[in-house]
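Small disclaimer: the values here were computed from a predicted structure and weren't measured. The sequence lines fix the lettering, A, B, ..., with proteins before strands; numbering per chain opens at 1.
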Amino acid sequence: MIAGLVYVFVFAMWLLILVGGGLMVVMVGPLSFGGSDGFDPILNSGIKIAIALLIIAAWIFILSKVKNWIFQKQLKS
Amino acid sequence: MEDQIITAVLVSIVAFFSVFVITPFLIKYLEKRNLVVKDYNRKGGAMVARPGGISIIIGVIASELILYAFFPSIHILAIVITSSLAFCVGIVDDRKVMGGWFKPVALAFCAIPILLLGAYDPGLAFPLFGFVKIPVLYIGLVIFMIPITGNTINSIDVLNGIASGFTSIASFALSAALFVMQNYEIAIASLALGFVSLAFYRYHKFPSRIFPGDSGALVFGATYGAIAIVGHVEVIAAVALLPAIMNSFLFLSSMKKIVEHRQIKNPTFLSDDYKLGATHDKDAPTTIVRLIVAAKPLTEKEIGFVIFKLAIFSGILAVITAFLMDVRI
């Protein structure tokens, strides 16, 4: 039973990687600030990094919730 | 294609047999110099030679240099240098107990040759969605990747044969994924790591005759991470490593900080019939082994097989991910 739950958790991690990757490609990749005004490329990358870190934080938060939900009984024991 | 097959066979033979032949001599040498540690989970608490990292790094360097002779590229050179530096970090930690932050910081420096040689492509390829170019962010990713893979493999080196067996399965899965993506040169590099870890598993499996130590586990992890970066398969490599990443995630989310593994409380206990069960100590970290034995105590061998089945499962997911790389939604 528990071994089965571990498989579910690994599968959930895989799905979250696919979704998180999709967000990176669809949202973060095409982002460009400033346009013709020549917005500093380092600042541009900095903002992208901040967004990427937010996505990673969200990934970890969701994973923690999934972990608590899947392993509720085991973690309490 | 014929050249690549010959190279793959030659590299695999050198990788496997260099470790297979050298390790027994290393065991004798370590035992003679009393470089042994107690295996607490074994009946009678047998003394086991450590560290086995020396034979692992010889296997990695020998096989990757053979590959370099056939395909002289900076990618292979970057793998060899990163692995060698990770071995140095590990051997320092084997000889002297360092703080919890030593390995992550030192391993971050091991990634620098990859950057200096320019053996990377500053973007990430994701299945279904495509490629995202992130030049600045990617440099950070390279620096973080080696400590993450190194410490991830190190964190599952808790029972006989787990680290080497797991690395072997993950490397073969990564190699299969690279073959699917027609990146043959790096696929052979990954194949070499798979055979090095498989040969070491022969002596590391239950009952262990040798432990890899930090030097061995960090070489496994850093080589794997370097292959992922230079092969441009970071996401696929992460998928193949999911059970180990899960272990690190469970550990960190329960401990809330990075600590040296010698400082943590044991998440399992040893029963009278030499089976491992989950401890009820609230201060002990949650780990994959603790979850596996939560329902009922299992022998070390049984736990190993559960983890290997999980590794095969995530390896299959990694190969599926490789096939999905060409699919767009």
Undergrad: Using 0.5 Å steps for rounding, measure from the CG atom of A:Leu53 to the CG atom of B:Leu137.
TA: 7.0 Å
Undergrad: Tell me if the CZ atom of B:Phe323 is crowded by more than 12 foreign heavy atoms within 6.0 Å.
TA: no
Undergrad: Side chain, backbone, both or neither: which part of B:Ile245 has a heavy atom under 4.5 Å from chain A?
TA: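 Both parts, backbone and side chain.
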Undergrad: Within the structure provided, determine whether B:Leu128 and A:Val25 are in side-chain contact (heavy-atom separation under 4.5 Å).
TA: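 Result no, sub-4.5 Å side-chain heavy-atom pair not found.
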Undergrad: Flag the pair B:Val132 / A:Met27 as yes when at least one side-chain heavy-atom distance between them is below 4.5 Å, and no otherwise.
TA: no
Undergrad: Do the side chains of B:Thr321 and A:Trp14 get nearer than 4.5 Å, heavy atoms only?
TA: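 A side-chain contact under 4.5 Å exists here.
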Undergrad: With rounding to the nearest 0.5 Å, note down the distance linking CZ in A:Phe9 to CD1 in B:Ile288.
TA: 9.5 Å
Undergrad: Mark yes when over 12 heavy atoms from residues, nucleotides or ligands other than B:Phe313 sit less than 6.0 Å from its CZ; otherwise mark no.
TA: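 Yes, CZ of B:Phe313 has more than 12 neighbouring heavy atoms, counting only those of other groups under 6.0 Å.
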Undergrad: Tell me, do B:Phe129 and A:Leu23 make a side-chain contact under 4.5 Å, heavy atoms counted?
TA: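 No, side chains not in contact.
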Undergrad: With side-chain contact (heavy atoms from CB on, under 4.5 Å) as the test, would you mind laying out the steps for B:Leu242 and A:Ile17 before giving the verdict?
TA: CA-CA 10 Å; B:Leu242 275 179; A:Ile17 287 175; 3.9 Å; yes
Undergrad: Sub-4.5 Å heavy-atom contacts with chain B: which residues of residues 55-64 of chain A show up?
TA: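 At a heavy-atom separation under 4.5 Å, chain B is reached by A:Ile60, A:Leu63, A:Ser64.
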Undergrad: For B:Leu141, which atoms come within 4.5 Å of any heavy atom of chain A: side chain, backbone, both, or neither?
TA: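 Neither the backbone nor the side chain of B:Leu141 comes within 4.5 Å of chain A.
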Undergrad: Against chain A, label B:Phe249 side chain, backbone, both or neither, depending on which of its atoms sit under 4.5 Å from a heavy atom there.
TA: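 Only the side chain of B:Phe249 comes within 4.5 Å of chain A.
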Undergrad: Rounded to the nearest 0.5 Å, how far apart are NZ of A:Lys67 and OG1 of B:Thr286?
TA: 6.0 Å
Undergrad: Can you tell me how far apart OH (A:Tyr7) and CG (B:Leu317) are? Round to the nearest 0.5 Å.
TA: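 Separation between the atoms: 11.0 Å.
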Undergrad: So do A:Leu18 and B:Phe126 actually touch side chain to side chain, heavy atoms under 4.5 Å?
TA: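 Contact flag for B:Phe126/A:Leu18 side chains = no.
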Undergrad: Measure A:Val10 against the heavy atoms of chain B and call it side chain, backbone, both or neither at under 4.5 Å.
TA: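 For A:Val10, heavy atoms of backbone and side chain both lie under 4.5 Å from chain B.
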Undergrad: Other residues, nucleotides and ligands only: do more than 12 of their heavy atoms fall within 6.0 Å of CZ on B:Phe109?
TA: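 Not buried by this count: 12 neighbours or fewer within 6.0 Å.
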